[in-house]
Amino acid sequence: MKVLVLGSGGREHALCWKIAKSPKVSKVYCAPGNGGIKEIAENVDISLEDMDGLLDFAIREKIDLTVVGPEGPLVMGIVNRFSEKGLKIFGVNKKAAQLEGSKVYAKEFMEKYNIPTAKYRRYTDSEKAIEELDMFNYPLVIKADGLCLGKGVVICNGKEEAIDSINQMMEDKVFGSAGETIIIEEFLEGVEASLLCFISNGKTIPMESAKDYKQIFEGDEGPNTGGVGCYSPNPLFNPELERIIEEKILKKVEIGLRGERIDYNGILFIGLMITKDGPKVLEFNVRFGDPETEVLIPRLKSDIIDIFEKTLEGSLLKEDLIWRDEKCVTVVATSKGYPGKYEKGKEIRGLKDVDEDIIIFHNGTVEKEGRLYTNGGRVISITALGDTLEEAREKIYENLNKIKFDGMYFRKDIAKID
Ligand code: AMP
Ligand code: GLY
C-alpha cells in the first residue's frame with residue numbers, strides 16, 4: 001500500500017513512523033513533511049492549501065490511503081474532494097469538521113444535545129458584545145468563531161482587556177473573517193485534560209488518556225503554546241471519571257451526530273475542563289492532537305492501517321485498539337522567542353548521540369545538504385517509553401543534554417508528579 005500523510009509537524013512524524021511499521025505499507029509520502037519525516041517517508045513539496053495539487057498527486061501516484069494531520073484541510077473539505085474521486089482518505093468530512101471550524105457551531109451542538117460546557121453568548125456586533133459584558137463575571141473568555149492557528153482564545157481579567165479583545169477581533173480583524181463572529185463565555189476553573197477518540201460509523205471509541213502542558217514556563221506559567229510536553233496515561237482518568245465522560249459526553253456526542261445527520265468517521269479530540277461540577281467540554285478538535293499523538297502512538301500496539309481502514313468502514317471496535325502498559329512522555333524543545341516571534345534556521349546537533357530507546361519526533365525542522373536546521377517554534381519532541389512515568393522522564397532529560405541548537409529551550413518539569 002502507498003500512504004500519503006498530510007502535514008509537517010510532530011503529529012505527522014509520529015503518524016508516518018507508525019504507518020511505516022505496518023506490514024501492509026510499501027511506501028509513505030508526506031506533504032509537505034519536515035527534516036525528520038524525510039528519513040522515513042518521501043517529502044512531497046505540495047502545500048496543504050493546494051488541494052488540486054494534492055488530489056493530482058494522489059491520483060498520479062495511485063495512493064491507496066491519505067491520512068490528514070491538521071484541521072485546515074478538513075475544514076476546507078478535502079475529505080469530500082478525495083472521496084468524490086473515489087480516493088480513500090482518513091479524516092472527517094466538511095460538515096463534521098465544523099465542530100472544530102466554528103466555535104459557534106460547536107457550542108450550539110453542545111447546547112442542543114445537553115453536553116456540559118461553559119455558559120456563553122454569541123455576537124456578530126462589537127457594540128452589542130461590549131454592552132453586554134456586564135452580564136459576565138471576570139475572568140471571562142473571548143473566542144473568535146473560526147480557525148486562528150490556536151490563537152483565537154483570550155482570557156480577560158477585567159473589562160478594559162475584554163473591550164480591547166473584542167475590538168481587536170471584530171473591528172481590527174486581527175484574525176480576518178475568523179473573528180467576525182465571537183463568543184463570550186464563562187471562565188471554568190479546574191484541571192484540563194485531553195481525550196482523543198476514534199469515531200467509526202458515529203460510535204465513539206476513546207484512546208488512552210493524555211496530559212498536555214500548554215504554558216511555556218515551568219509551573220504552568222507564561223503564555224499558552226500549542227503544547228510543549230505531554231504524557232500518557234493521565235492519572236486523572238480513573239474509572240469513575242471515565243464513566244461520567246462516557247455517559248454525559250460521549251453518548252451525547254453520538255446522539256448529536258445522529259441528530260444532525262453528520263457522517264463521522266475519523267478523530268474527535270475533546271478538550272475538557274474537570275471542574276468541581278464534573279467534566280465540561282472546552283472545545284472539540286476533529287484531528288489528532290499535537291503533542292498528544294507523540295505519546296499515544298508509541299503506546300499503540302495495533303497496526304494503525306487496520307485501525308484507519310476499520311474506522312472508515314465503520315467497523316472499528318474498542319478491542320481493536322491494543323495499548324502497551326508502558327507509560328510514554330514527550331518533552332518539546334522550542335526555539336528562542338516561542339510562542340511569540342521566534343528564531344529559525346539554527347543548526348541542530350547531537351540527535352545521533354541519543355540512546356537507542358529515545359524516539360525523536362520532529363515538529364519544525366528542515367534538512368539542507370545533510371544538516372538539520374530549526375524551522376518552527378516547536379522544533380523536536382524527545383520521547384521515551386518506560387515502566388513508570390519517572391523512568392521515561394529521566395531517560396528524556398538525560399538525553400536532552402546531548403542535543404543542542406542556538407536558543408534551545410524546554411520545560412524541566414514535564415511529567416514530574418509530586
Ligand atoms: P480552546 O481552543 O477553546 O481549547 O481554548 C484554548 C485554551 O484556553 C484551553 O485549552 C484553556 O486553557 C483555555 N480556555 C478555553 N475556554 C476556557 C474556559 N471557558 N474557561 C477556562 N479556560 C478556558
Ligand atoms: N495539543 C493541543 C492540540 O493539538 O490542539
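Since this is a predicted model, take the numbers as computed values, not measurements. Note that ligands are numbered from 1 as they come in the structure, with each ligand's atoms numbered from 1 the same way.
- Geometric assessment of Lys107 against the ring of Tyr105 yields a negative cation-pi assignment under the 6.0 Å and 45° thresholds.
- Annotation: Glu185 places an N or O atom under 3.5 Å from an N or O atom of ligand 1; distance criterion only.
- For ligand 1, the atoms closer than 4.0 angstrom to any heavy atom of Lys103 are 1 (P), 2 (O), 3 (O).
- If you number the atoms of ligand 1 from 1 as listed, the ones under 4.0 Å from a heavy atom of Phe187 come out as 20 (N), 21 (C), 22 (N).
- In terms of protein heavy-atom proximity, atom 5 (O) of ligand 1 is nearest to Val153 CG2, 3.5 Å.
- The closest approach between any non-hydrogen atom of Glu189 and ligand 1 is not below 4.0 Å.
- For ligand 2, the protein residues placed under 4.0 Å by at least one non-hydrogen atom are Asp212, Gly226, Phe269, Asn285, Arg287, Gly289, Asp290, Pro291, Glu292.
- Side chains of Glu390 and Thr388: a donor-acceptor N/O pair is absent below 3.5 angstrom, by distance only.
- Looking at atom 7 (C) of ligand 1, its nearest protein heavy atom turns out to be Asn224 ND2, 4.2 Å.
- In this structure the side chain of Val329 reaches within 4.5 angstrom of the side chain of Ile414, judged on heavy atoms.
- Between the side chain of Glu100 and the backbone N or O of Ala97, no donor-acceptor pair lies under 3.5 Å.
- By the 4.0 Å heavy-atom criterion, Lys143 is counted among the residues contacting ligand 1.
- Around CG of Leu149, the count of heavy atoms belonging to other residues, nucleotides or ligands within 6.0 Å does not exceed 12.
- Ranking the protein heavy atoms by distance from atom 2 (O) of ligand 1 puts Glu283 OE1, 3.0 Å first.
- Contact annotation: for Glu192 versus ligand 1, heavy atoms closer than 4.0 Å belong to the side chain alone.
- Counting all heavy atoms, side chain and backbone alike, Val295 lies closest to Ser232 at CG2-CB, 3.9 Å.
- Within the 4.0 Å heavy-atom criterion, the part of Val141 lying near ligand 1 is the side chain and not the backbone.
- With respect to the salt-bridge test (charged N to carboxylate O, under 4.0 angstrom), the residues Arg11 and Glu294 do not qualify.
- Under 4.0 Å from ligand 1, heavy atoms of Leu188 appear from its side chain as well as its backbone.
- Among all heavy-atom pairs drawn from Asp212 and Gly229, the shortest one is OD1-O, 3.4 Å.
- Salt bridge Glu326/Arg299: absent, no basic N to carboxylate O contact under 4.0 Å.
- A salt bridge does not link Asp64 with Lys24: none of the charged nitrogens is closer than 4.0 Å to a carboxylate oxygen.
- Close contacts of ligand 1 with Lys214, meaning ligand atoms under 4.0 Å from a residue heavy atom, involve 10 (O).
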Please report the C-alpha distance between Asp355 and Asn399 in whole Å, then the side-chain angles of each, then the deciding distance to 0.1 Å, and finally whether the side chain to side chain donor-acceptor pair (under 3.5 Å) criterion is met.
CA-CA 7 Å; Asp355 294 338; Asn399 280 277; 3.3 Å; yes

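- Of the protein's non-hydrogen atoms, Leu282 CD2, 3.9 Å is the one closest to atom 23 (C) of ligand 1.
- In this structure, Phe308 and Phe288 have perpendicular ring planes: the angle between them is above 60°, well past the 30° mark.
- Separation of the Tyr373 and Phe405 ring centroids does not fall under the 6.0 Å cut-off.
- The protein heavy atom nearest to atom 13 (C) of ligand 1 is Ile155 CD1, 4.0 Å.
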